[in-house]
Asker: 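Quick one: the structure is below, and I'll ask about it shortly.
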Amino acid sequence: MNLKINSRHVEVTPAMRTHLEAGLSKIRKHFDHVIDASAILIVDNAKEKDLRQGAEITLHLKGRELFAEAHHADLYHAMDAVVDKLERQVAKHKEKIQDHHHEKHFE
């Protein structure tokens, strides 16, 4: 899976990159049809201190895109929150694409 990280008003450190890659590897364990991912890490000058730092991730799947965003006072917590949101979306998507129709036995 290719990971593209962009940032606004913050420099992406190797620690941030590895933290995000570790989170996305959890998603990859559950669902390996992820083509690529693009992330945006943002530090804003918002009035509310809890919403100053945010993370947005778009996962490109076969035939679908999943998007999530999260804001927090700490950028690492925002990255964790957005990965958790995407895990739930991927699980729901995986449930939808699985075939749940069993053979019907006619007597």
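These values consider heavy atoms only, across backbone and side chains, with no hydrogens, waters or symmetry-generated copies. All figures in this text were calculated on a predicted structure; none of them were measured in a lab.
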Asker: Just verifying a value: how many Å separate M16 CE and M79 CE, rounded to the nearest 0.5 Å?
Answerer: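 The CE atom of M79 is 6.0 Å from CE of M16, to the nearest 0.5 Å.
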Asker: Would you compute the distance between atom NE2 of H19 and atom CG of L75 and round it to the nearest 0.5 angstrom?
Answerer: 8.5 Å
Asker: Taking the side chain from K62 and the backbone from I35, do they hold a donor-acceptor pair closer than 3.5 Å?
Answerer: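 Such a contact is absent between K62 side chain and I35 backbone.
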Asker: So do V34 and L61 actually touch side chain to side chain, heavy atoms under 4.5 Å?
Answerer: yes
Asker: How far apart are the closest heavy atoms of E69 and K85, and which atoms are they?
Answerer: O-NZ, 2.7 Å
Asker: Once you round to the nearest 0.5 Å, how far does CD of E87 lie from CG of L66?
Answerer: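 It comes to 12.5 Å.
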Asker: Do K4 and D36 touch side chain to side chain, with heavy atoms closer than 4.5 Å?
Answerer: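 With C-beta onward as the side chain, the pair stays apart.
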Asker: Please give me the minimum heavy-atom distance between A37 and L24, naming the atom from each residue.
Answerer: CB-CD1, 4.2 Å
Asker: Hey, are the side chains of L59 and F31 touching, using non-hydrogen atoms and a 4.5 Å cut-off?
Answerer: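 Answer no - side chains too far apart.
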Asker: Please name the pair of heavy atoms, one in V82 and one in A55, separated by the smallest distance, quoted to 0.1 Å.
Answerer: CG2-O, 3.8 Å
Asker: To the nearest 0.5 angstrom, please state how far the NE2 atom of H93 sits from the CD atom of E65.
Answerer: 11.5 Å
Asker: Sub-3.5 Å donor-acceptor pair from the side chain of Q89 to the main-chain atoms of F67, do we have one?
Answerer: yes
Asker: So which atom in A78 and which in A70 form the shortest heavy-atom distance, rounded to 0.1 Å?
Answerer: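 Closest pair (atom of A78, atom of A70, distance): O-CB, 3.7 Å.
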Asker: So, applying side-chain contact (heavy atoms from CB on, under 4.5 Å) with I57, which one of L41, L20, I40 is it?
Answerer: L20
Asker: Taking side chain as C-beta onward, heavy atoms only, is T58 less than 4.5 Å from H60?
Answerer: yes
Asker: Over 60° means perpendicular and under 30° means parallel, so classify the ring planes of H72 and H77, tilted if in between.
Answerer: tilted
Asker: Would you say Q53 and V10 make side-chain contact, with heavy atoms under 4.5 Å?
Answerer: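 No, side chains not in contact.
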